[in-house]
Amino acid sequence: MKIKITTLFLLVATNLSAFSKTNENKLENFHFIWNKDFYLSQTGEIFNKGALDKLGLVGLFGAEDQKFIMIDGFYKIQKKFIPHDLEIKSLSISRSGNIKALLEEGQEIKFQQHKLEEQLLRLNLFLVSNESQKLIKNFESIDLRYKTKIAIKYF
């Protein structure tokens with residue numbers, strides 16, 4: 001009887017361990033947390049977060065049908081931010097198409113979805129300018145939603 005119970009216990013432990021390893025391997029493919037409830041891969045695959053928690057993932061927030069827009073937007077924005085040592089902590093999109101990037105340091109940068117490329121170009125031109133070195137220190141937010149202007153709010 002003890003052998004059966006021990007064997008049963010070992011089988012259950014092995015299965016749980018295999019399940020845990022499978023989940024860990026699967027979680028390595030996830031780069032985002034979608035609306036605080038799910039893990040999201042760069043290809044749009046969703047995994048129920050449940051009791052598992054993986055730190056260091058970028059938060060994406062928006063309507064369910066916008067997850068691919070958000071993944072694409074994250075990569076476009078982060079690609080332009082890297083040369084300027086700016087790192088996205090989370091990205092959200094409103095129903096009206098306003099995108100807000102929250103940076104690791106707590107600052108915000110605001111865009112419009114339909115003008116994202118143009119606004120990223122304008123931001124990059126600003127950040128490489130000599131003037132930006134003085135203006136970019138201690139900013140709270142940058143708003144690029146204006147047609148020809150950049151609004152900077154300071155702490």
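Along the sequence shown, residues carry numbers from 1.
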Could you tabulate the donor-acceptor pairs under 3.5 Å formed by side-chain atoms of residues 96-109, not counting sequence neighbours?
{"residue": "Ser96", "atom": "OG", "partner": "Ser94", "partner atom": "OG", "Å": "3.0"}
{"residue": "Ser96", "atom": "OG", "partner": "Asn98", "partner atom": "ND2", "Å": "3.3"}

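- Residue pairs meeting the side chain to side chain donor-acceptor pair (under 3.5 Å) criterion with at least one partner in residues 118-132, sequence neighbours excluded, are His84-Asn124.
- Here Lys80 contributes atom NZ and Leu86 contributes atom CG; the two are 13.5 Å apart, rounded to the nearest 0.5 Å.
- Using a 4.5 Å cut-off on side-chain heavy atoms (C-beta onward), Phe32 and Leu91 make no contact.
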Using atom types as modelled, flag every donor-acceptor pair under 3.5 Å from a side chain in residues 61-74 to any protein atom, sequence neighbours excluded.
{"residue": "Gln66", "atom": "OE1", "partner": "Ala63", "partner atom": "N", "Å": "3.3"}
{"residue": "Lys67", "atom": "NZ", "partner": "Gly44", "partner atom": "O", "Å": "3.2"}
{"residue": "Asp72", "atom": "OD2", "partner": "Lys76", "partner atom": "NZ", "Å": "3.2"}

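- Phe38 and Leu40 fall within a single hydrophobic cluster, where Ile, Leu, Val, Met, Phe, Trp and Tyr side chains are chained together by heavy-atom contacts under 4.5 Å.
- With a 6.0 Å radius and a threshold of 12 heavy atoms from other residues, nucleotides or ligands, Lys115 has its NZ atom above the threshold.
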Any chance you could lay out the side chain to side chain contact (heavy atoms under 4.5 Å, CB included) test for Phe111 and Ile77, step after step, and finish with the verdict?
-> CA-CA 10 Å; Phe111 306 92; Ile77 295 168; 4.0 Å; yes
Could you list the donor-acceptor pairs under 3.5 angstrom formed by side chains in residues 141-155, with sequence neighbours left out?
{"residue": "Asp143", "atom": "OD1", "partner": "Arg145", "partner atom": "N", "Å": "3.0"}
{"residue": "Asp143", "atom": "OD1", "partner": "Arg145", "partner atom": "NE", "Å": "2.8"}
{"residue": "Asp143", "atom": "OD2", "partner": "Arg145", "partner atom": "NE", "Å": "3.3"}
{"residue": "Asp143", "atom": "OD2", "partner": "Arg145", "partner atom": "NH2", "Å": "2.7"}
{"residue": "Tyr154", "atom": "OH", "partner": "Leu135", "partner atom": "O", "Å": "2.8"}

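- By the criterion of side-chain heavy atoms lying less than 4.5 angstrom apart, applied directly or through intervening Ile, Leu, Val, Met, Phe, Trp or Tyr residues, Leu125 is not grouped with Leu120; the two fall into different hydrophobic clusters.
- Residue Tyr75 is grouped with residue Ile46 when hydrophobic side chains (ILVMFWY) are merged at heavy-atom distances under 4.5 angstrom, including chains of intermediate members.
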What do the steps show when you test Ile136 against Phe126 for side chain to side chain contact (heavy atoms under 4.5 Å, CB included), and what is the final call?
-> CA-CA 10 Å; Ile136 201 73; Phe126 168 71; 4.2 Å; yes
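- Under the side chain to side chain donor-acceptor pair (under 3.5 Å) criterion, Asn35 pairs with no residue at all, not counting sequence neighbours.
- With hydrogens and angles left out, the side-chain atoms of Tyr39 and Glu45 include no donor and acceptor closer than 3.5 Å.
- Cluster membership for Ile93 and Leu60, using ILVMFWY side-chain heavy atoms within less than 4.5 angstrom, is shared.
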